[in-house]
Peer 1: 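Below is the structure I would like to discuss, written out as structure tokens.
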Amino acid sequence: MELYSPKTIEDIRRRYGFSLSKSLGQNFLTDGNIIRDIIEGADIGEDDLVVEIGPGLGVLTAAAAEKAASVVALEIDSRLIPILEETLGGFDNVEVIEGDVLKTDINEIIRRKRREEAFTGKVRVIGNLPYYITTPIIMNLLENRVEADTITVMMQKEVADRINSGPGTKSYGAISVAVQYYCTVSKVMNVPASVFVPRPKVDSAVLNLTLREEMPVELRDRELFFRCVRAGFGQRRKTLSNSLTGVGGLEKNDIAEILRRTDTDPRRRAETLDIGEFAAIANAAYDYLAERETN
Ligand code: SAM
């Protein structure tokens, strides 16, 4: 019987007296084709290291271990550790670590694996993410500059759409700009709610994020750039001349001058700006603030 079949899940549940935790986002995959497609989407080579977030019963872990040189899986739920020892017992290239992905230094793990010569290829982060912390997980990986080549993860479809959209669309927002600053984004597939146990209320999608070697825009101050992006989308129905007051330290006349210097119509809204336009505004704001300080 396959590990992902609902019967196996039920059998494991009974033998271990395990009940799925809603608060940990435990919706387990039960479809072999989807598992195969996620693994194919991650483009795992035989010399690669796979870092998996939230292995659950180990269905993606096992499929990744068949392809990769080495797999590290990070699971927060201590009740799953003995289960994973059983389900992944047949693999000698899998390490399961009990821990919270948001509190774990993933680069430390990757560097240790490199030192141990567990792999010589690329680093692929994968996971069927716990939906209650999808955005923090992705932003943590990116802001901490995870030393990976790709991140291939399943999430709520609505969040995937937001990450994967561009200017002028309803779903374009601060998260789209933030993720696209660090990565190129492509959709691997949509996944219906019916392939999970228990069945979630929403559909899902798998995105492939390829970390950029060079950032798409030059920023004088990354933190100020993200403050401009957040301020702009924080009041997305307002014009830039109003919404950018949310940056802090800028009055309306300061904003008017910054927008004039970048040739930006102050009546525009953040949702119409592409990443280059945001960068130009943030860089002009940086120069403007620096001039103001020296005067
Ligand atoms: N990979 C399995 C699958 O596809 O069937 C399980 C995916 S389930 C949606 C999410 C998994 O992430 C669960 O096993 C859950 O316990 C784990 N998890 C939840 N929060 C976590 C955290 N902060 N750090 C690590 N794992 C976490």
Side-chain angles (χ1 to χ4, degrees), residues 1-13 16 18-42 44 50-66 68 71-88 91 94-106 108-109 124-141 144 146 151-157 159-160 188-189 191-207:
M1 209 171 3
E2 299 292 352
L3 180 55
Y4 52 78
S5 81
K7 269 211 172 102
T8 313
I9 297 175
E10 187 49 31
D11 170 58
I12 290 175
R13 249 178 33 73
Y16 284 86
F18 177 83
S19 56
L20 284 111
S21 159
K22 208 173 169 187
S23 62
L24 288 178
Q26 290 178 345
N27 299 94
F28 293 163
L29 268 170
T30 60
D31 187 311
N33 293 326
I34 302 280
I35 292 166
R36 192 201 53 218
D37 290 348
I38 295 173
I39 296 298
E40 265 172 26
I44 301 166
V50 171
V51 178
E52 188 193 2
I53 298 164
L57 300 179
V59 292
L60 283 170
T61 333
E66 280 171 10
V71 180
V72 180
L74 199 61
E75 174 57 59
I76 198 170
D77 189 346
S78 58
R79 302 170 308 158
L80 285 168
I81 305 300
I83 299 177
L84 286 163
E85 270 164 29
E86 176 189 323
T87 58
L88 301 171
F91 295 97
V94 177
E95 179 186 358
V96 176
I97 298 176
E98 183 185 333
D100 180 344
V101 64
L102 295 177
K103 296 187 182 143
T104 303
D105 186 344
I106 302 219
E108 218 298 293
I109 296 172
R124 312 291 191 185
V125 176
I126 66 165
N128 167 15
L129 296 180
Y131 291 175
Y132 72 108
I133 43 169
T134 298
T135 307
I137 292 176
I138 293 175
M139 288 319 297
N140 241 36
L141 291 169
N144 292 327
V146 65
I151 301 172
T152 306
V153 279
M154 173 125 68
M155 64 198 78
Q156 201 174 322
K157 183 172 174 297
V159 179
V188 177
M189 62 183 160
V191 178
S194 56
V195 303
F196 299 90
V197 166
R199 185 188 170 124
K201 289 199 180 73
V202 291
D203 285 333
S204 299
V206 179
L207 289 186

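Scope of the values below: all heavy atoms of this structure, side chains included, with no hydrogens, waters or symmetry mates. Indexing begins at 1, ligand by ligand and atom by atom, following the structure's order. Model, not experiment: these values are computed from the prediction.
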Peer 1: Should the pair E10-K7 be classified as a salt bridge under the 4.0 Å nitrogen-to-oxygen rule?
Peer 2: no
Peer 1: Taking the side chain as every heavy atom from C-beta outward, state whether T8 and L57 have any pair of such atoms under 4.5 Å apart.
Peer 2: no
Peer 1: Using a cut-off of under 3.5 Å, which N/O atoms of ligand 1 pair up with protein N/O atoms, and what distance separates each pair?
Peer 2:
residue: ligand 1; atom: 1 (N); partner: G54; partner atom: O; Å: 2.9
residue: ligand 1; atom: 1 (N); partner: P55; partner atom: O; Å: 3.2
residue: ligand 1; atom: 4 (O); partner: N128; partner atom: ND2; Å: 2.9
residue: ligand 1; atom: 5 (O); partner: L29; partner atom: N; Å: 2.9
residue: ligand 1; atom: 14 (O); partner: G56; partner atom: N; Å: 3.3
residue: ligand 1; atom: 14 (O); partner: E75; partner atom: OE1; Å: 2.7
residue: ligand 1; atom: 16 (O); partner: Q26; partner atom: NE2; Å: 2.9
residue: ligand 1; atom: 16 (O); partner: E75; partner atom: OE2; Å: 2.6
residue: ligand 1; atom: 20 (N); partner: Y132; partner atom: OH; Å: 2.9
residue: ligand 1; atom: 23 (N); partner: D100; partner atom: OD1; Å: 2.9
residue: ligand 1; atom: 24 (N); partner: V101; partner atom: N; Å: 2.9
residue: ligand 1; atom: 26 (N); partner: I76; partner atom: N; Å: 3.4

Peer 1: Using distance only, find each side-chain donor-acceptor pair of residues 32-39 under 3.5 Å and give its atom names and separation, not counting sequence neighbours.
Peer 2:
residue: N33; atom: OD1; partner: R36; partner atom: NH1; Å: 3.4

Peer 1: Can you confirm whether I106 sits close enough to V101 that some side-chain heavy atom of one is under 4.5 Å from a side-chain heavy atom of the other?
Peer 2: yes
Peer 1: For E86, which residues count as a salt bridge (charged side-chain N to carboxylate O under 4.0 Å, His left out) partner, sequence neighbours excluded?
Peer 2: R15
Peer 1: Which salt bridge (Lys or Arg N to Asp or Glu O under 4.0 Å) pairs, counting each pair once, include a residue from residues 74-83, with sequence neighbours left out?
Peer 2: D77-R79
